[in-house]
Amino acid sequence: MLRGTRAGGLGRWRFNATDQTGSLAPVPRLSEVIAELESLWPAERAESWDAVGTVAGDPDQQVTRVLFAVDPVQEIVDEAVKLGADLLVTHHPLYLRGTTTVAASHFKGRVVHTLIKNDIALHVAHTNADTADPGVSDALAGALDLRVTGPLVPDPTDPEGRRGLGRVCALDHPLTVREFAARAAERLPATAQGIRVAGDPEALVRTVAVSGGSGDGLFDHVRAAGVDAFLTADLRHHPVSEARAHSPLALLDAAHWATEWPWCELAASQLDEISDRHGWDLRVHVSKTVTDPWTAHAASTTSDPLGAPN
């Protein structure tokens with residue numbers, strides 16, 4: 001599709017060369033796009049400790065390309081520059097805690113400088129996207145081909161009972177824990193960690209709770225849901241040990257980035273639908289750059305049947 005700004009004072013309109021009628025498609029301003037993103041993930045639904053919303057950008061600037069990614073790191077910002085994006089939307093905040101400087105001598109400051117120098121806006125949807133309907137865990141469930149039956153931790157402000165943290169899901173047919181872990185490893189983006197499992201690999205799984213991102217603070221809710229397995233990220237030794245002592249619940253630990261990346265595709269499709277509805281001349285992209293910080297994995301080997309060193 002050929003696009004180019006036309007002369008003659010048309011301002012924010014562009015000519016679509018593949019449109020046989022020669023119609024003009026409007027180019028939205030950043031403020032218009034942000035208003036639509038805020039309708040999907042209202043800032044007031046973020047946790048009080050969170051830092052969401054627009055970090056950089058001129059409300060009056062035009063937006064023709066948008067890039068979605070998990071992390072606002074330099075590699076992603078450089079990708080946005082190369083793509084010619086006007087807006088970068090990330091799940092993780094750039095500044096979750098306060099700062100006194102955006103100097104380019106610091107890596108986050110370099111991100112800010114690169115964004116501003118290249119007229120790229122940055123918008124963050126974090127915990128307000130976690131609990132949205134659909135949200136981060138819906139995208140995770142979709143990637144694993146699970147049927148969502150409801151939120152794991154319902155949002156009490158939602159009268160329809162659809163919003164909330166995590167999702168309770170059903171499988172289309174029972175799988176063993178081993179088979180379900182293999183499905184997760186196949187369907188989620190590849191990372192050095194892969195999928196770790198705690199529990200009997202041959203136990204049957206019919207119902208699953210999922211939560212994108214760190215989820216080991218949700219074990220009480222998972223047990224109350226009565227599911228066979230829980231897939232999340234960042235599981236720690238003591239919470240897992242205690243959870244296993246409470247019940248035969250199987251635990252699957254994926255990489256944090258991998259459990260949240262499917263949301264980027266979901267969010268991009270939502271913005272595509274909004275763009276189509278308004279008739280905007282907008283291109284929406286999803287970064288496939290792996291920003292998971294872990295880069296390699298060495299499997300443990302031992303000849304001792306007990307597994308512990310002498």
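A quick note: this is a predicted structure, and the numbers were derived from the prediction, not measured.
Separation of atoms CG (D133) and CG (D155) is listed at 10.5 Å; rounding is to 0.5 Å. The distance from atom CG of D130 to atom OG of S211, rounded to the nearest 0.5 Å, is 7.0 Å. Taking CG of D276 as the reference point, atom CG of L282 lies at 9.5 Å (rounded to 0.5 Å). Of the inter-residue distances, the one linking T99 atom OG1 with R97 atom CZ reads 12.0 Å to the nearest 0.5 angstrom. Residue H113 holds its NE2 atom at 8.0 Å from OG of S105, rounded to the nearest 0.5 Å. Between atom CG of residue L252 and atom CG of residue L144 there is a gap of 9.5 Å, rounded to the nearest 0.5 Å.
R45 and T157 form no side-chain donor-acceptor contact under 3.5 Å, judged by distance and modelled atom types alone. For the 3.5 Å distance criterion, the side chains of E79 and T289 qualify, holding a donor opposite an acceptor. No side-chain donor-acceptor contact under 3.5 Å links T291 and E75. A donor-acceptor contact under 3.5 angstrom links the side chains of D50 and T127, judged on distance only.
Residues D58 and L30 have side chains not in contact (no heavy-atom distance under 4.5 Å, counting atoms from C-beta outward). Between D228 and L204 there is no side-chain heavy-atom pair separated by less than 4.5 Å. Annotation: side chain of K108 is in contact with side chain of Y95 (closest heavy-atom distance under 4.5 Å). Within the 4.5 Å cutoff, no side-chain heavy atoms of V124 are placed close to those of P72. Considering only heavy atoms from C-beta on, T207 stays 4.5 Å or farther from V168 through its side chain. The closest side-chain heavy-atom distance from T232 to D216 is not below 4.5 Å. You'll find the side chain of D71 reaches within 4.5 Å of the side chain of W257, heavy atoms only. With a 4.5 Å cut-off on side-chain heavy atoms, S275 and V284 do not count as touching.
Of the charged side-chain nitrogens involved, at least one lies within less than 4.0 Å of a carboxylate oxygen, so that R167 and D138 count as a salt-bridged pair.
Of all non-hydrogen atoms in W41 and A267, the two that sit nearest each other are CZ2-CB, 3.6 Å. The nearest pair of heavy atoms linking G212 to V136 is CA-CG1, 4.1 Å. For the pair P201 and T176, the tightest heavy-atom approach, listed with the atom from each and the gap, is O-CB, 3.6 Å. Counting all heavy atoms, side chain and backbone alike, P151 lies closest to G161 at CD-O, 3.2 Å.
In the hydrophobic cluster analysis, where Ile, Leu, Val, Met, Phe, Trp and Tyr join through side-chain heavy atoms closer than 4.5 angstrom, L249 is grouped apart from V205. If you chain together hydrophobic residues whose side chains sit under 4.5 Å apart, I274 and L87 fall into the same group. V153 and V148 fall into different hydrophobic clusters, defined by Ile, Leu, Val, Met, Phe, Trp and Tyr side-chain heavy atoms under 4.5 Å apart, directly or through other members. A continuous path of Ile, Leu, Val, Met, Phe, Trp and Tyr side chains, each step under 4.5 Å between heavy atoms, connects I116 with L67, placing both in one hydrophobic cluster.
Within 6.0 Å of CZ on R244 lie more than 12 heavy atoms contributed by other residues, nucleotides or ligands. More than 12 heavy-atom neighbours from other residues, nucleotides or ligands sit within 6.0 angstrom of CD on E202. The environment of NE2 in H106 is crowded: more than 12 heavy-atom neighbours from other residues, nucleotides or ligands sit within 6.0 Å. More than 12 heavy atoms of other residues, nucleotides or ligands sit less than 6.0 Å from atom CZ of R187.
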Exercise for review: Might you work through the side chain to side chain contact (heavy atoms under 4.5 Å, CB included) test for D86 and Q62, ending with a clear yes or no?
Suggested key: CA-CA 8 Å; D86 308 292; Q62 294 185 342; over 6 Å; no
**Study point:** Worked check of side chain to side chain contact (heavy atoms under 4.5 Å, CB included) between L271 and F68
**Key:** CA-CA 10 Å; L271 183 55; F68 282 86; 3.9 Å; yes
Exercise for review: Might you work through the side chain to side chain contact (heavy atoms under 4.5 Å, CB included) test for V73 and F107, ending with a clear yes or no?
Suggested key: CA-CA 8 Å; V73 294; F107 74 94; 6.0 Å; no
Review point. Is there a side chain to side chain contact (heavy atoms under 4.5 Å, CB included) between L231 and L140 once you walk through the steps?
Key: CA-CA 10 Å; L231 185 146; L140 175 57; 4.1 Å; yes
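Note on ring orientation: taking the six-membered ring where Trp is involved, the planes of H278 and W280 are parallel (angle under 30°, cut-offs 30° and 60°).
Annotation: side-chain contact (heavy atoms from CB on, under 4.5 Å) contacts of P293 (sequence neighbours excluded): none. For A243, the side-chain contact (heavy atoms from CB on, under 4.5 Å) partners two or more places apart in sequence, or in a different chain, are F219, R223, L251.
A side-chain donor-acceptor contact under 3.5 Å links R196 to the backbone of L235.
When the options H91, H126, H92 are evaluated for a ring pair (Phe, Tyr, Trp, His ring centres under 6.0 Å) with W263, the one that passes is H91.
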